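Note that the structure is predicted; figures quoted are calculated from it, not measured. Numbering of ligands and ligand atoms starts at 1, following listing order.
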Amino acid sequence: MNETILILGASGQIGNELTEKLRTIYGNQQVIASDIREGNANMMEAGPFEIIDATDKNTILKTIKKYNVTQVYLLAAMLSATAEKYPQKAWDLNMTSLLNVLDLAKEKHIKQVYWPSSIAVFGPTTPKENTPQKTIMEPTTVYGISKLSGEFWCNYYHEKYGVDVRSLRFPGIISWKSKPGGGTTDYAVDIYFKALEEGSFDCFLSENTRLPMMYMDDAVNATIQLMQAKSEDIKIRTSYNLAAIDFTPKEIFTEIKKHIPDFTITYKPDFRQQIADSWPSSIDDSEARKDWNWKHQFDLSTMTKDILTNLKK
Ligand code: NAD
């Protein structure tokens, strides 16, 4: 595989682990990490790192030329909860960065683009359970509006200019190596840290709020599998529904309690409850499973064991 990859927004929750995995596959020097802030020590030492603002097209282009980059993974974004506080900034970052990268692909500076969408493209009028690939999409958050518009820009650049852009509608991503960056599903990461550090957790969602989720290992594997699939197998150029598990705060609490019997929880829903209530509780991802053979590996129980074992170390 002769690819040189540039990751924009590499220092965040997903970038951190995606960079590490891509470097093991393509080689450390073939994967250029970049962000507006430095990444962790491992990222900075293992391979090239550049400070790049994803809204600055010229700097992206200079870096593409400097390293002969063939693929860009665009992860820089403002996430759901933060975007509700800074709507204009979120729109500017989420849209400008995407149009920059799509234009660079249209101008043939790069061959392939990855850009994650989100379950936030759905809204309160979307069927909540087993949400289909094609359905009513009326998002009520700034983040959701930016992701839905982004999906249709991706499709437009593919149809009109032949750009090879690929996308996944990520559910909430759960990790232990890096902390999340301002989303509505962040509680499902914090809960593990608090269970071990304090033995108690204040949850900002109510106990029966069911949301689609995925362990980081599965999210990273899905991304790489999608990018390595043959172009003709990618039938959807907006963004693929993607699913693994779904659970409520009460269910993840009960699962953790099996390992930490004294663990306690209280529920204090805040403004994020309204965002969560507008999203699906489970996702039908049969198109991804059919088109490029997607399979998840982790369920709630195996993920919980894996996270607690690693955090205890
Ligand atoms: P994150 O907030 O943890 O990381 C985003 C990174 O982008 C940060 O390191 C930040 O410094 C960087 N950034 C911010 N502004 C920038 C700019 N102008 N130029 C360059 N970098 C900039 O987010 P994440 O969870 O890693 O999300 C990555 C992508 O996945 C985003 O598009 C997000 O919408 C999507 N996504 C994430 C989740 C999730 O649960 N984490 C779910 C659905 C979709």
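Among protein heavy atoms, the minimum distance from atom 11 (O) of ligand 1 is reached at Asp35 OD1, 2.6 Å. Scanning the protein heavy atoms around atom 28 (C) of ligand 1, the nearest turns out to be Leu75 O, 3.3 Å. Nearest non-hydrogen protein atom to atom 3 (O) of ligand 1 is Gln13 N, 2.8 Å. The protein atom (non-hydrogen) at minimum distance from atom 34 (O) of ligand 1 is Tyr143 OH, 2.5 Å. The shortest contact between atom 39 (C) of ligand 1 and any protein heavy atom is with Ile173 CG1, 3.6 Å. Taking atom 43 (C) of ligand 1 as the reference point, the nearest protein heavy-atom neighbour is Phe170 CB, 3.3 Å. Of the protein's heavy atoms, Ala76 CA, 3.5 Å lies nearest to atom 7 (O) of ligand 1. Protein heavy atom closest to atom 4 (O) of ligand 1, with residue, atom name and distance, is Gly12 CA, 3.2 Å.
Aromatic ring centres of Phe253 and Phe263: separated by under 6.0 Å. Outside the 6.0 Å centre-distance limit, the rings of Tyr73 and Trp115 are not counted as a close aromatic pair.
At a 4.0 Å heavy-atom cut-off, ligand 1 does not touch Ser97 at all. With a 4.0 Å cut-off on non-hydrogen atoms, Arg37 touches ligand 1 through its side chain and not its backbone. At a 4.0 Å heavy-atom cut-off, ligand 1 touches Leu79 through the side chain alone. Only the side chain of Leu93 comes within contact range of ligand 1, with a heavy atom under 4.0 Å; no backbone atom does. Counting heavy atoms closer than 4.0 Å to ligand 1, residue Met78 contributes nothing at all.
Considering backbone and side-chain atoms together, Ala54 places an N or O closer than 3.5 Å to an N or O of ligand 1. Any N or O atom pair closer than 3.5 Å counts here, and Asp53 shares at least one such pair with ligand 1. For a threshold of 3.5 Å applied to N or O pairs, the pair formed by Ser117 and ligand 1 contains no separation below that value.
Under the 30°/60° scheme for interplanar angles, the aromatic rings of Trp294 and His296 are found to be tilted.
Each of the following atoms of ligand 1 lies closer than 4.0 Å to a heavy atom of Ile52: 19 (N), 20 (C). Listed by number with element, the atoms of ligand 1 under 4.0 angstrom from any heavy atom of Gly181 are 2 (O), 3 (O).
Side-chain contact of Asn221 with Lys295: a donor-acceptor pair under 3.5 Å is absent, judged by distance alone. For the residue pair Glu3/Thr70, the side-chain donor-acceptor check at 3.5 Å is satisfied. The closest side-chain donor-acceptor pair between Thr266 and Asp202 falls under 3.5 angstrom. Defined by atom type and a distance below 3.5 Å, a donor-acceptor pair is missing between the side-chain atoms of Arg166 and His158. Remark: the Ser175 side chain and the Gln13 side chain contain an N/O donor-acceptor pair separated by less than 3.5 Å. Checking Gln88 against Asp92 by side-chain atom types alone, a donor-acceptor pair falls below 3.5 Å.
Closest heavy-atom approach to atom 13 (N) of ligand 1 among the candidates Ile36, Ile7, Asp186: Ile36. Among Pro171, Ser118, Gly172, Ser34, the residue whose heavy atom lies closest to atom 42 (C) of ligand 1 is Pro171. The option with the heavy atom closest to atom 26 (O) of ligand 1, from among Ile14, Thr96, Leu8, is Ile14.
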Quiz item: Glu20 and Asn16: side-chain hydrogen bond (donor to acceptor under 3.5 Å, both in side chains), yes or no, with the steps?
Solution: CA-CA 7 Å; Glu20 199 180 311; Asn16 182 24; 6.0 Å; no
Quiz prompt | side-chain hydrogen bond (donor to acceptor under 3.5 Å, both in side chains) assessment of Asp277 paired with Gln273 | solution = CA-CA 6 Å; Asp277 287 341; Gln273 184 67 46; 3.0 Å; yes
Quiz item: After noting the C-alpha distance and the side-chain angles of Asp246 and Ser282, does the key distance pass the side-chain hydrogen bond (donor to acceptor under 3.5 Å, both in side chains) rule?
Solution: CA-CA 6 Å; Asp246 51 82; Ser282 61; 4.7 Å; no
Quiz prompt | side-chain hydrogen bond (donor to acceptor under 3.5 Å, both in side chains) assessment of Thr184 paired with Ser80 | solution = CA-CA 6 Å; Thr184 302; Ser80 58; 2.9 Å; yes
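Under a 4.0 angstrom heavy-atom cut-off, Arg169 registers as lying outside contact with ligand 1.
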